There are 2 protein chains.
Amino acid sequence: MCFSSHCECPGFRVERFLQPCLLLCLAIRSSHGYELMERLKHFLLEDESPDPGLVYRTLRKMEEDGWVSSEWVTEASGPAKRIYTLTGEGKTVLRLWAEHVRRQVLRLQRFLEEYEKLQREGEHHG
Amino acid sequence: MCFSSHCECPGFRVERFLQPCLLLCLAIRSSHGYELMERLKHFLLEDESPDPGLVYRTLRKMEEDGWVSSEWVTEASGPAKRIYTLTGEGKTVLRLWAEHVRRQVLRLQRFLEEYEKLQREGEHHG
DNA sequence: ATCACTTATATGCAAAATGCACATATAGGT
DNA sequence: ACCTATATGTGCATTTTGCATATAAGTGAT
């Protein structure tokens, strides 16, 4: 069993939360994949870092779905960057995600409540 | 796009959260799959209901891992039931899950904070 | 006794999600 | 020429998932 850095708890892997974090980052300001990987760390836990493959694929998928749009920028130094910008539809999706996340927080808190209730009961009898 | 009952937000499907909920239910008291499907609803959102296939498979997997143990009970009316009981190792896993969930709540709250900050800024300028 | 229904456990399988390794290319420094 | 940092992607095996289906035992009605 390994529960520290690479834990067996499957529910909340980084990637599952990647989409809304990308949308939020882009809502704050337009950005490209490589930069987003850095900006995403704000939403991750200490040791985590986002998978580049997944970041780029998720951005492409969201563009396909019309949630973001992109354009190449070659003026700056270094390799060309694909700058992503949130669309109106993307803003809607982000709002829905936020509502979804709020409900999930309540759900997780209900779980913790029940767990802590059980702990207290255990103390009383033990 | 469909965001109501069957939403595109992938991060928090019922099943991803199934394992810790099952462990918690069993920590409260031993139970069998069919009953657990009812008891699980306490941890789900309104319209959700757990997939039977996944419930049974998850229970079997957890038994394989030594987190729960099971025995057949045929005395009661109706078909035989496989009663699952949390093991010592299962209790440990549940505790680790609870810690994990606590961290995830913080993470989700950070997301919501940033989202709401953005909303407030939007209001000021708009 | 047979038919429908509820209880109860489980399998099959296609599709989606995931992790990790790898490929490609530009620019800057030494 | 070579290494590193920046930047964007692909390939692929494995895991997770949702949904449909199979199996079987008891219960109640006709």
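These numbers were taken from a predicted model, which means no experiment stands behind them. Chain naming here is simple, since letters A, B, ... match the order of the sequence lines and numbering starts at 1 in each.
Between A:P52 and A:M37 the shortest heavy-atom distance is CA-SD, 3.5 Å.
In the region residues 25-35 of chain A, proximity to DNA chain C at under 4.0 angstrom, judged on heavy atoms, holds for none of the residues.
Relative to the side chain of A:R57, the nucleotides C:dA10, C:dT26, D:dT10 differ in distance, and D:dT10 lies closest. With C:dG19, D:dA7, C:dG28 as the candidates, the nucleotide lying closest to the side chain of A:P79 is D:dA7.
Hydrophobic clustering keeps B:L106 apart from A:L18 (ILVMFWY residues linked when any side-chain heavy atoms are closer than 4.5 Å, directly or through intermediates). No path of Ile, Leu, Val, Met, Phe, Trp and Tyr side chains, each step under 4.5 Å between heavy atoms, connects B:I83 with B:V55, placing them in separate hydrophobic clusters.
Between A:E38 atom CD and D:dT8 atom P the separation is 13 Å, expressed in whole Å. Counting to the nearest Å, the C1' atom of D:dA24 and the NZ atom of B:K81 are 14 Å from each other. With rounding to whole Å, A:F17 atom CZ is found 15 Å from C:dG19 atom P. For the pair A:Y56 OH and D:dG11 C1', the interatomic distance rounds to 17 Å; values are reported in whole Å. Between the CG atom of A:L59 and the P atom of D:dT8 there is a distance of 9 Å, rounded to whole Å. Taking atom NZ of A:K61 as the reference point, atom P of C:dA16 lies 9 Å away to the nearest angstrom. A straight line from CE of A:M37 to C1' of D:dT6 spans 9 Å, rounded to a whole angstrom. Straight-line distance from the CG atom of A:D51 to the C1' atom of C:dC22: 12 Å, rounded to whole Å.
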May I have the step-by-step check of side chain to side chain donor-acceptor pair (under 3.5 Å) for A:T58 and A:Q19, ending in yes or no? CA-CA 7 Å; A:T58 304; A:Q19 190 184 87; over 6 Å; no
Just do the side-chain contact (heavy atoms from CB on, under 4.5 Å) check on A:Y115 and B:W97 with the steps written out, would you? CA-CA 10 Å; A:Y115 180 72; B:W97 254 111; over 6 Å; no
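Summary of the strand contacts: A:G53 and A:A80 both lie near DNA chain C, and taking for each the nucleotide with the nearest heavy atom, the more 5' one is attributed to A:G53. Toward the 5' end of DNA chain C, the nearer of the two residues A:P52 and A:A76, judged by each one's closest nucleotide, is A:P52.
Taking CG from B:L24 and NE2 from B:H42, the interatomic distance works out to 9.5 Å, rounded to the nearest 0.5 Å.
Checking side-chain atoms of A:E63 against main-chain N and O of A:S70 turns up a donor-acceptor pair under 3.5 Å.
The side chain of A:R60 contributes no N or O atom lying less than 4.0 Å from OP1 or OP2 of D:dT10.
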